[in-house]
2 protein chains.
Amino acid sequence: MSNTGKEPATGTQALDRAATLIRTVVQADEPLSFVDLFEECGLPKSTTSRLLTALERTELLERNGDGSYVAGPLFWLYATRHDPWEELVRLARPTMEKVGKDTLETVNLAVPRGDRVVQVAQVDTPYMLGTRDWTEVEVPAHCSALGKILYTHAVLELPTGRLDQLTEHTVADVDDLRRDLDRGRRRGYATTVDELEIGLTGVAAAVRGADGTVIASLGISGPSQRLQGRLDLVGHTLIDRADQLSVLLRRRTRKEGAA
Amino acid sequence: MSNTGKEPATGTQALDRAATLIRTVVQADEPLSFVDLFEECGLPKSTTSRLLTALERTELLERNGDGSYVAGPLFWLYATRHDPWEELVRLARPTMEKVGKDTLETVNLAVPRGDRVVQVAQVDTPYMLGTRDWTEVEVPAHCSALGKILYTHAVLELPTGRLDQLTEHTVADVDDLRRDLDRGRRRGYATTVDELEIGLTGVAAAVRGADGTVIASLGISGPSQRLQGRLDLVGHTLIDRADQLSVLLRRRTRKEGAA
DNA sequence: AAGCATGTTCCATAATATGGAACCGCATTC
DNA sequence: GAATGCGGTTCCATATTATGGAACATGCTT
């Protein structure tokens, strides 16, 4: 009936409806009562009941104490077996590709691991001159935009003492760095110009996870010449994209109007 | 057809079959080709094809480059939003309850967090005299069986220097502790008798995650009087149960015979 | 070119899912 | 303590929907 898509989708009505139920439960990520699902999906009561019972029996959904539905054992199983970062990368991929289209520079996603920053995914620039693949390569956090974001949001602990001075522009003094981070915090994005390598500029923004805390940073890097003059533009693009990704990761809290 | 269960399951054939496909893919946790699924689930080819197409359309499954099926975006989404430990607890619950039935003592599950051990789940003893609920309470690792397991498998770094001496039986010397751990490693389970508190005994075994590394320890604790004499029995029960849980967590590698 | 393995599409058939209505159990309310 | 409303399940005649055998594509290999 309400075939919003353009797909023919023949011979799978029951399954499609069941999938809608599963999707609703998983995306809501908050126990949904029978009525919630019934209303949200607009299926007849009896059908809803029948499908939900089957989904529960097959462990795709589960009912908790008060009878409301949550994702079932099969979802837990998947979750325990997979590194959340591995999944973050998959979910972030489309966003990163959009950033690539927006900026035409090398795009990176970084997460904290211990007291280090690691880049976990990369989308390459179409230009010949670009940043090498440094996925899994560790770069000093204080001279990378990605790292600065993580410092700013206290996901990574600020080091003490003198920092490595990689170039003449590297901010090697902790207090200077703190000031730099503060500036970044106000703007919403972090930058590093010639601080890691002469001629290399990076820009990054924060990605928030399900609980609202910063879990990763999304950034680009490229030749300083190509980026100077559009740092602010690129910064805001990154903020927007990072926010979009955060929304995707965020549990969608029920729109108040619950029973 | 092959209705192994005793459920009537009426009006949901299509959905049940689809669920079988999903389950097979998620449990295998390795890309499965169309033929794998076709053979594994024993459904007609055309039906399999139709269902798989629908599952892919609804993002419950996904095909990767070579056309084989893996868990889809809905599973990633769930995984990124949930702490794997939260899921571990859910999956471990039944095992823990079995241990509770086996031993009649308080059952605990602990994981390393930073350089500490935290108990993340507990099943209580039916006896009046039992261990209090110390979920989320931190206990010195060197005098808890749960902690010793984590030390043994190097998931937790062995401290240096003198350790806190909580009772006269506490193993406070690192070298002594190392010897204690070695004994535990050989036996397969760790114990602590009167080391944390006089009269309190604990026993624990290792739980391994998807990649085969130790990720948690499963143990019991109770009055030393009730446990003395059956430490070895309880130890082996714990080893068995912990192994069962590990199997559940372990990716089921395809039974070699792949194409 | 032929053979084979992997997947998909077709379509007549009937088995299957459908959904309106009746029903159940349980709180609230009067 | 009857009555009303709410959340959910069960029934069952109906026809819509899924089914599956066979034919058809689409690469590979021989």
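Any value given below was found using the heavy atoms of this structure, including those in side chains, with hydrogens, waters and symmetry copies removed. Note that this is a predicted model, so its numbers are computed, not measured.
Nearest-nucleotide mapping onto DNA chain D: of Thr47(A) and Leu43(B), the residue sitting toward the 5' end is Thr47(A).
Distance Leu15(B) CG to dA17(C) P: 9 Å, rounded to the nearest Å. Atom-to-atom, CG of Asp16(A) to P of dA18(D) comes out at 8 Å; the value is rounded to the nearest Å. dT9(D) atom P lies 13 Å from atom CG of Leu55(A), rounded to whole Å. To the nearest angstrom, C1' of dG20(D) lies 11 Å from NZ of Lys45(B). Leu51(B) places its CG atom 12 Å from the P atom of dT8(C), with the value rounded to the nearest Å. Atom CZ in Arg17(A) sits about 13 Å away from atom C1' in dA18(D), given to the nearest Å. Following rounding to the nearest Å, Leu21(A) (CG) and dG8(D) (P) show an atom-to-atom distance of 13 Å. What separates CD of Gln13(B) from P of dT16(D) is a distance of 20 Å, to the nearest Å.
Applying the 6.0 Å contact sphere to CZ of Arg63(A) captures more than 12 heavy atoms from other residues, nucleotides or ligands.
The base of dG7(C) does not come close enough to the side chain of Thr48(B) for any donor and acceptor atom to sit less than 3.5 Å apart. Under 3.5 Å, the side chain of Ser49(B) and the base of dG7(C) form no donor-acceptor pair of N or O atoms.
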query: Checking side-chain hydrogen bond (donor to acceptor under 3.5 Å, both in side chains) for the pair Ser68(B)/Asn64(B): CA distance, chi angles, key distance, verdict?
result: CA-CA 6 Å; Ser68(B) 49; Asn64(B) 59 18; 3.0 Å; yes
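Set against dG8(D), dA21(C), dA18(D), the side chain of Ala14(A) has dA18(D) as its closest nucleotide. Listed nucleotides dG20(C), dG8(D), dT18(C) differ in distance to Arg50(A); the shortest reach to its side chain belongs to dT18(C).
Note: Glu105(A) CD to Leu227(A) CG = 4.5 Å, rounded to the nearest 0.5 Å. Note that the OH atom of Tyr69(B) and the CD atom of Glu56(B) stand 5.5 Å from one another [nearest 0.5 Å]. Atom-to-atom distance recorded for Ile22(B):CD1 and Leu37(B):CG is 11.0 Å, nearest 0.5 angstrom.
Close to dT19(D), at under 4.0 Å from its OP1 or OP2, lies no side-chain N or O of Ser46(B). Residue Arg63(A) places at least one side-chain N or O under 4.0 Å from the OP1 or OP2 atom of dT9(D).
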